[in-house]
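Computed from heavy atoms alone, side chains included, the values below leave out hydrogens, waters and symmetry copies. So you know, we letter chains A, B, ... as the sequences are listed, proteins then strands, and number each from 1.
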Amino acid sequence: MTSPLRIASWNINSVRARADIVGQFLDEEAPDILCLQETKVVDELFPHELFASRGYDHIIVNGQKMHHGVAIVSKVPMARDNRFDWQANGEARHLGVALPNGVRLENVYIPAGGDIPDRDKNPKFGQKLDFLGRMIDWSGTLEHPTILVGDFNIAPLECDVWSHKALLDVVSHTPIEVETLGRLQAAANWTDLGRTFIKAPERLYTWWSYRAQDWRKSDRGRRLDHMWATPDVAPAAKGHRVHEQCRDWGKPSDHIPLVTEFHF
DNA sequence: ATGGTGGTTGTACCA
């Protein structure tokens, strides 16, 4: 006996500025669970009604003023929520919950890391690597089947960016970031669900800069957002897609939603 | 090679 459960993840770049397209996405796609990153709102001002009016009665938030912030909205109950501070600086970048079947769902917003890929010249880059280091340690301690989703701010494969060569020195695709993300993936034998269903080297991007004149024409995309699963739950994933059409909606996020369907 | 846009704020900062 299996029942389908569709989980979405979206870096929304301000949940309040994006109310219209979040509503449109939920009306059209109707995932059971939506994990948000970059909500950019304190918990007291989170727009509950935007979700509750559509049947997402279970809402758990970890926000802060102005920057960062994550949330999980769900049609199914969630329990045992926790928040890790993997940067040890108080930023709201993680929210984990237990699903009714015992699977853990971990929603993360990994730091972007600034512009210069050198921890001596740019502390933000060091913080990004250190954040990943703490996630590596955590991955070695998992006690439950786990799904890890979010904006990882790293595009690991050559085919995850529009030009591997042009981006080798650009934060998000540097060798040290790719190597560190590889160690994170190995630490719990995480399955990359995106590349399970859309095999390399097929084009697969989740982010396009606002700065392009025509994002679709230039198509300088990167796969910064990911959905991973531990080996005991990865076989339950039966489908995966990214919703590129959302990048064309009015007042878009620079990221697009990812959706995986699980049959538990 | 540079700068291009957008959100939160009400000024730079972050992405």
* Asked: How far, in whole Å, is dA15(B) from dG3(B) if one measures between their C1' atoms?
  -> 15 Å

* Fellow cluster residues of W249(A), listed by chain then number, with links counted only when side-chain atoms sit under 4.5 Å apart -> W10(A), I12(A), V15(A), I21(A), V22(A), F25(A), L26(A), L34(A), L36(A), V41(A), V42(A), L45(A), F46(A), L50(A), F51(A), Y56(A), I59(A), V61(A), V73(A), V259(A)

* Non-hydrogen side-chain atoms of L99(A) and L5(A) separated by less than 4.5 Å -> yes

* To do: Output the rest of the hydrophobic cluster of L168(A): all Ile, Leu, Val, Met, Phe, Trp and Tyr residues reachable through side-chain heavy-atom contacts under 4.5 Å, sorted by chain and number.
  => none

* Could you tell me the separation between the CD1 atom of I12(A) and the P atom of dC14(B), rounded to a whole number of Å? => 22 Å

List the atom pairs, donor and acceptor, that lie under 3.5 Å between side-chain atoms in residues 232-240 of chain A and the rest of the protein, sequence neighbours left out.
unit_1  : atom_1 : unit_2  : atom_2 : d
D232(A) : OD1    : T230(A) : OG1    : 2.6
K238(A) : NZ     : P235(A) : O      : 3.1
H240(A) : ND1    : T260(A) : OG1    : 2.7

* Please tell me which of the listed nucleotides, dA15(B), dT8(B), dG6(B), lies nearest to the side chain of A112(A)? => dA15(B)

* If we take the P atom in both dT2(B) and dG6(B), what is their distance in whole Å? -> 23 Å

* Structure fact -> In whole angstroms, the gap separating C1' of dG6(B) from CH2 of W249(A) amounts to 19 Å

* So, is K124(A) close to the dC14(B) phosphate, meaning a side-chain N or O under 4.0 Å from OP1 or OP2? -> yes

* Asked: When we call it a touch if two heavy atoms are under 4.0 Å apart, what does R93(A) touch: a base, just sugar-phosphate, or nothing?
  -> sugar-phosphate

* Asked: Once you round it to whole Å, what is the distance between P of dT8(B) and CZ of R16(A)?
  -> 6 Å

* **Closest-nucleotide ordering on DNA chain B, the 5'-leading residue of M66(A) and D254(A)** => M66(A)

* Structure fact -> Comparing nearest nucleotides in DNA chain B, the 5'-proximal residue of the pair T39(A), Y109(A) is T39(A)

* Asked: To the side chain of R18(A), which of dT8(B), dG4(B), dG6(B) is closest?
  -> dG6(B)

* Asked: Between H68(A) (NE2) and dG7(B) (C1'), how many Å, whole number?
  -> 13 Å

* To do: Please determine if a side-chain N or O atom of S14(A) lies less than 4.0 Å away from the OP1 or OP2 oxygen of dT8(B).
  => yes

* To do: Starting at the 5' end of DNA chain B, write a dot or bracket for each base, bracketing those in Watson-Crick or G-U wobble pairs whose two distances are under 3.5 Å and using | for partners on another strand.
  => ....((((...))))

* Asked: Is the closest basic N to carboxylate O distance between D248(A) and R216(A) below 4.0 Å?
  -> yes

* Taking atom P of dG6(B) as reference, at what distance in whole Å does atom NE2 of H255(A) sit? -> 15 Å

* Provide, to the nearest angstrom, the distance between the OH atom belonging to Y210(A) and the P atom belonging to dG6(B). => 8 Å

* Asked: How long is the line joining CH2 of W215(A) and P of dG4(B), in whole Å?
  -> 22 Å

* Asked: Can you list the residues that meet the side chain to side chain donor-acceptor pair (under 3.5 Å) rule with W86(A), with sequence neighbours excluded?
  -> none

* Once you round it to whole Å, what is the distance between C1' of dC14(B) and NE2 of H67(A)? -> 5 Å

* Hydrophobic cluster partners of M66(A) (side-chain heavy atoms under 4.5 Å) -> none

